[in-house]
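Inspection log for the structure reproduced underneath, given as structure tokens.
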Amino acid sequence: MEAAAAATATWVGSSLHLHPPPSSSVTRSTVYAARPRLSFPIKHYSSLACSRSWNKRMVLESRRGIVVRASSSPDSTDPSDPIAPLRMESPTGQFLSQILISHPHLVPAAVEQQLKQLQTEWDTEQKKEELSASGTDLVLYRRIAEVKANERKRALEEILYALVVQKFMDADVSLVPAITPSSKNSSGQVDTWPSQEEKFKQLHSPEAYEMIQSHLALILGNRLNDSKSVAQISKLRVGQVYAASVMYGYFLKRVDERFQLEKTMKILPNGSDSEGSSIEKAVREDIRPAGDYLAVSSHLEVSSWSGGFGNRIKPSWLRTYLMSFDGDTLQRFATIRSKEAVSIIEKQTEALFGRPEIVLTPQGTVDSSKDELIKISFAGLRKLVLEAITFGSFLWDGESFVDSRYHFVMN
């Protein structure tokens, strides 16, 4: 877990370089995807620039989607601002969008209704499959079943997203809007959103928040408490850190949930710091982000896993508990359980930062000349990381809620 944080810190330390203001325009990067090593196949985007046909299709899909607008937060200055950056496009997603606007407290009940409907549709299809004919009819049936399966997957993704957004609304925490040229203030900064750090603190256990503070310290270093300084940073690298922090929050919630249960039952094991090196090695090998935003991590060498790692992490009860895990348990906890959750991480990060144009040099390294630079304060970076970790935590909760009513998580 902390090794994952160290990896993220390395990306920041080696990749979030501070730049002087650019003298010429820079191509705007546009999706970020992140995932650990998974036991099932997942869409792996090309690291080359997107084709024009793909961009045209995305524009058309965006027009079909709807944006959830409203805000339960007093920090929001405009009630018409979107409460979430990602558009929900399926019939189920659009229905839940309307519930989020009008009656956000009814989202869990609405989700249960939608899950019952999905289960009924699935049961009906299973019966049809048993009675299906052979030959041409069977091929046609399988094609129809494939289309419906994709529709169910999209519906499940947007159900998960609606649950996450509803939890943010319930906590009175506003999500960061999409970072676009129009989101800049008069000085060119993109982080015009409120901090809300005290609210974030209330959403995690004391033990988990200690780990979050260590994660922030690894990423921001001596700028951790700097709330005024502004820097120009690669938008691609910020997106990488955001996606990695969502994963970190997902893992942290998963571990903390078990930790709190064992603490209540008074059956916590005795941790051993001597196991720290094996934990770092296991997490390093098993959490390998991929997709457009974090695919480039394979070209960014992680060179400081051991140097100063132990000295930069504040000792905590939860970290000691994590170190008591054997390799198999650690690998299981360091795995996102469903393709739908992985897809939501990708889409949320893409909705925030756009889809990146990743170009490789002949030497196999990432060409950073096309990276868009954004002006952001270190306080803004802190808010982004806290939001991402909380998003991952809520995603774990939403995934567990849905799976308890409609089994879709792979064992």
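Atoms considered below: every heavy atom in the structure, side chains included; atoms not considered: hydrogens, waters and symmetry mates.
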For this session: Please lay out, stage by stage, how Leu384 and Trp193 fare under the test side-chain contact (heavy atoms from CB on, under 4.5 Å).
Result: CA-CA 10 Å; Leu384 276 173; Trp193 49 81; 4.0 Å; yes

Seminar exercise, completed: Value for CD1 (Ile144) from NZ (Lys148), rounded to nearest 0.5 Å, stands at 6.5 Å

For this session: Output every pair passing ring-ring contact (aromatic ring centres under 6.0 Å, His included) with a member in residues 385-404, not counting sequence neighbours, ordered by first then second residue.
Result: Phe168-Phe394, Tyr250-Trp396

Problem set entry | Lys167: side chain to side chain donor-acceptor pair (under 3.5 Å) partners, not counting sequence neighbours | none

Problem set entry | Least distance between heavy atoms, Ala155 atom then Thr92 atom | CB-OG1, 3.8 Å

Seminar exercise, completed: Contacts satisfying salt bridge (charged side-chain N to carboxylate O under 4.0 Å, His left out) that involve residues 241-252 (not counting sequence neighbours) are none

Exercise. Run the side-chain contact (heavy atoms from CB on, under 4.5 Å) check on Tyr406 and Leu156 step by step: do they pass?
Worked result: CA-CA 10 Å; Tyr406 179 88; Leu156 282 172; 3.7 Å; yes

Seminar exercise, completed: dist Ile344:CD1 -> Leu160:CG (nearest 0.5 Å) comes out at 6.5 Å

Exercise. Using 4.0 Å as the upper bound for N to carboxylate O, is an ion pair formed by Arg143 and Glu146?
Worked result: yes

Seminar exercise, completed: Taken in chain and number order and not counting sequence neighbours, the residues that satisfy side chain to side chain contact (heavy atoms under 4.5 Å, CB included) with Asp226 are Arg223, Lys228, Ser229, Phe378

Exercise. Does a side-chain heavy-atom distance below 4.5 Å link Phe325 with Arg332?
Worked result: no

Problem set entry | Phe333 vs Leu322 side-chain heavy atoms within contact, under 4.5 Å | no

Exercise. Do Arg254 and Thr335 meet the criterion of a side-chain donor-acceptor pair at a distance under 3.5 Å?
Worked result: no

Problem set entry | Salt-bridge criterion met for Glu157 and Lys347 (N-O under 4.0 Å) | yes

Problem set entry | Listed partners of Lys116 passing salt bridge (charged side-chain N to carboxylate O under 4.0 Å, His left out), at least two apart | none

Exercise. Counting distance only, does the side-chain N/O of Glu399 pair as donor-acceptor with the main-chain N or O of Ala341 below 3.5 Å?
Worked result: no

Exercise. Any side-chain heavy-atom pair from Gln166 and Ile99 closer than 4.5 angstrom?
Worked result: no

Problem set entry | Side-chain donor/acceptor of Lys253 to backbone N/O of Asp397, under 3.5 Å | no

Seminar exercise, completed: One should read off an interatomic distance between Leu163 CG and Leu96 CG, to the nearest 0.5 angstrom, of 8.0 Å

Exercise. Do Arg319 and Glu210 sit within salt-bridge range, that is, some charged N less than 4.0 Å from a carboxylate O?
Worked result: no

For this session: Could you please spell out the steps behind the side-chain contact (heavy atoms from CB on, under 4.5 Å) verdict for Ser174 and Lys199?
Result: CA-CA 10 Å; Ser174 57; Lys199 293 180 181 179; over 6 Å; no

For this session: Apply side-chain contact (heavy atoms from CB on, under 4.5 Å) to the pair Ile179 and Glu372, showing each step before the final yes or no.
Result: CA-CA 12 Å; Ile179 297 176; Glu372 179 189 0; over 6 Å; no

Exercise. Are any side-chain N or O atoms of Lys383 and backbone N or O atoms of Gln196, one a donor and one an acceptor, separated by less than 3.5 Å?
Worked result: no

For this session: For Glu387 and Leu175, indicate whether the former's side chain and the latter's backbone hold a donor-acceptor pair under 3.5 Å.
Result: no

For this session: Name all residues meeting the side chain to side chain contact (heavy atoms under 4.5 Å, CB included) criterion together with His105; count only those two or more places apart in sequence or in a different chain, and write none if there are none.
Result: His103

Problem set entry | Partners meeting side chain to side chain contact (heavy atoms under 4.5 Å, CB included) with Ala388 (sequence neighbours left out) | Tyr242, Ser245, Val246

Seminar exercise, completed: What one should report as the nearest heavy-atom pair of Ser195 and Phe200 is O-CE1, 3.8 Å

Exercise. With Ser377, which residues qualify under side chain to side chain contact (heavy atoms under 4.5 Å, CB included), at least two apart?
Worked result: Gln189, Asp191, Val230, Ala379

Problem set entry | Check: Leu381 and Ile219 side chains under 4.5 Å, non-hydrogen atoms | no

Exercise. Are any of the side-chain heavy atoms of Val165 and Met88 separated by less than 4.5 Å?
Worked result: no

Exercise. How far apart are the closest heavy atoms of Ala208 and Leu252, and which atoms are they?
Worked result: O-CD2, 3.7 Å

Exercise. Can you name the nearest heavy-atom pair linking Val409 to Ser338, along with the distance?
Worked result: CG2-CB, 4.4 Å

Problem set entry | Side-chain touch Phe251/Ile336, heavy atoms, less than 4.5 angstrom | yes

For this session: State which residues pass salt bridge (charged side-chain N to carboxylate O under 4.0 Å, His left out) with Glu198; sequence neighbours excluded, sorted by chain then number.
Result: none

Would you give me the side-chain donor-acceptor pairs under 3.5 Å for residues 259-267, sequence neighbours excluded?
{"residue": "Gln260", "atom": "NE2", "partner": "Ser205", "partner atom": "OG", "Å": "3.4"}
{"residue": "Gln260", "atom": "NE2", "partner": "Glu207", "partner atom": "OE1", "Å": "3.0"}
{"residue": "Gln260", "atom": "NE2", "partner": "Asp256", "partner atom": "OD1", "Å": "3.0"}
{"residue": "Glu262", "atom": "OE1", "partner": "Tyr321", "partner atom": "OH", "Å": "3.4"}
{"residue": "Glu262", "atom": "OE2", "partner": "Arg258", "partner atom": "NE", "Å": "3.1"}
{"residue": "Glu262", "atom": "OE2", "partner": "Tyr321", "partner atom": "OH", "Å": "3.3"}
{"residue": "Lys263", "atom": "NZ", "partner": "Glu207", "partner atom": "OE2", "Å": "2.7"}
{"residue": "Thr264", "atom": "OG1", "partner": "Gln260", "partner atom": "O", "Å": "2.8"}

For this session: Output every pair passing salt bridge (charged side-chain N to carboxylate O under 4.0 Å, His left out) with a member in residues 400-409, not counting sequence neighbours, ordered by first then second residue.
Result: Glu112-Arg405

Exercise. Measuring from Gln94:CD to Arg87:CZ, what's the distance to the nearest 0.5 Å?
Worked result: 11.0 Å

For this session: Take atom CH2 of Trp122 as the centre, draw a 6.0 Å sphere, and report whether it contains more than 12 heavy atoms from other residues, nucleotides or ligands.
Result: no

Exercise. Can you find a pair of side-chain heavy atoms, one from Arg237 and one from Gln240, that are under 4.5 Å apart?
Worked result: yes

For this session: List in chain and number order the residues that pass side chain to side chain donor-acceptor pair (under 3.5 Å) with Lys201, two or more places apart in sequence or in another chain; answer none if no residue qualifies.
Result: none

Exercise. What is the minimum heavy-atom distance between Asp371 and Ser234, and which atoms define it?
Worked result: OD2-OG, 3.2 Å

Exercise. Are the side chains of Ile345 and Leu395 in touch, meaning some heavy atoms are under 4.5 Å apart?
Worked result: yes

Problem set entry | Spacing of CD belonging to Glu158 relative to OG belonging to Ser97, to within rounding of 0.5 Å | 7.5 Å

For this session: Verify, without hydrogens or angle tests, whether Gln232 (side chain) and Lys375 (backbone) share a donor-acceptor contact under 3.5 angstrom.
Result: no

Exercise. Quick one: CG on Leu220 to NE2 on His215, what's the gap to the nearest 0.5 Å?
Worked result: 9.0 Å

Problem set entry | Ion pair check, Arg152 and Glu121, cut-off under 4.0 Å | no

